[in-house]
*Asks:* 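I am attaching a structure below and will ask some questions about it afterwards.
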Amino acid sequence: MKIVRYLSIAIEGILANKLRSGLTMLGLFIGVVAILMTVSLIRGAKLEVIKMIESQGANTLTITPKIGNMMITPITAADANALLEHAAADDITAVAPVKSEFVRVVNGTSLIQSQVSAITTDYFRVKNLKIAHGVFFNQDDERLARRVVLLSDVAALGL
């Protein structure tokens, strides 16, 4: 019957110091909530990092012709085709050359500074990207060098 005696002493202590007991329970509650929020935040950040890595492609190789901070002779479309057709590179399933520059984009009176990239039809497959609205350009557009624009959500809102 020691348990009943100890429980009786504990209840008497809690009732004798109601404010202290209430503040202690409040502190415990706040501590538990803070830990749960921190764990949730860390899990969310972890999932976001994993999502960003997956969007780059787990088996993607990016080649940039640089020596230090200085650009050298750019890789050409012929170089990209040679990578795809090379007999020793059986594991290469797609090549998507990209040329990017920061430019001013104007639409009527709207003006934004944006990165503009020249890409091929394989780019979205290589980068594992999906188009939210509209359609992607096709092989005929690429072959005939038609002027096609794909806008990010940010650029679309800016214009």
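It should be emphasised that the depicted structure is a prediction, and the values quoted were computed from it without experimental measurement. Keep in mind that the numbers below use all heavy atoms, side chains included, and drop hydrogens, waters and symmetry copies.
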*Asks:* Output the distance between atom CD (E101) and atom OG (S117), rounded to the nearest 0.5 Å.
*Replies:* 9.5 Å

*Asks:* Mind listing the closest non-hydrogen atom pair of D141 and N138 along with its distance?
*Replies:* N-OD1, 2.8 Å

*Asks:* Same cluster or not: are L111 and F102 linked, directly or through other Ile, Leu, Val, Met, Phe, Trp or Tyr residues, by side-chain heavy atoms under 4.5 angstrom apart?
*Replies:* no

*Asks:* So V39 and I42, side chain to side chain contact (heavy atoms under 4.5 Å, CB included) or not? Walk me through it.
*Replies:* CA-CA 5 Å; V39 169; I42 290 170; 5.8 Å; no

*Asks:* In sequence, state the C-alpha distance, the side-chain angles, and the governing distance for V116 and V105, and then conclude on side chain to side chain contact (heavy atoms under 4.5 Å, CB included).
*Replies:* CA-CA 9 Å; V116 174; V105 180; 4.3 Å; yes

*Asks:* Nearest 0.5 Å, what's the CG-CG distance between L36 and L41?
*Replies:*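 Taking CG in L36 and CG in L41, the distance rounds to 12.5 Å.
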
*Asks:* In Å, rounded to the nearest 0.5 Å, how long is the span from NZ of K51 to CD of E48?
*Replies:*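 So the NZ of K51 and the CD of E48 are separated by 5.0 Å.
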
*Asks:* State the CG-CD1 distance between L23 and I30, to the nearest 0.5 angstrom.
*Replies:* 9.5 Å

*Asks:* Tell me whether the count of non-hydrogen atoms from other residues, nucleotides or ligands lying under 6.0 Å of CZ in R146 goes above 12.
*Replies:*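 Atom CZ in R146 is packed in, count exceeds 12.
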
*Asks:* If you count the non-hydrogen atoms of other residues, nucleotides and ligands that lie under 6.0 Å from CG in L26, is the total more than 12?
*Replies:*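 Above 12, so yes.
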
*Asks:* Of the non-hydrogen atoms in T120 and V95, which two are nearest, and what is the gap between them?
*Replies:*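 For T120 and V95, the tightest heavy-atom pair comes out as OG1-O, 4.2 Å.
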
*Asks:* I'd like to know whether F124 forms a side chain to side chain contact (heavy atoms under 4.5 Å, CB included) with I119, so could you lay out the CA-CA distance, the side-chain angles of the two residues, the decisive distance to 0.1 Å, and finally the verdict.
*Replies:* CA-CA 9 Å; F124 273 51; I119 60 174; 4.0 Å; yes

*Asks:* Which pairs would a plain distance check flag for residues 5-22, meaning a side-chain donor or acceptor within less than 3.5 Å of a matching protein atom at least two apart in sequence or in another chain?
*Replies:*
from: N17; atom 1: ND2; to: G13; atom 2: O; distance (Å): 3.4
from: S21; atom 1: OG; to: I14; atom 2: O; distance (Å): 3.4
from: S21; atom 1: OG; to: N17; atom 2: O; distance (Å): 2.8

*Asks:* Checking F137 now: which residues fulfil ring-ring contact (aromatic ring centres under 6.0 Å, His included) with it, not counting sequence neighbours?
*Replies:*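 Partners of F137 by the ring-ring contact (aromatic ring centres under 6.0 Å, His included) criterion come out as none, since no residue qualifies.
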
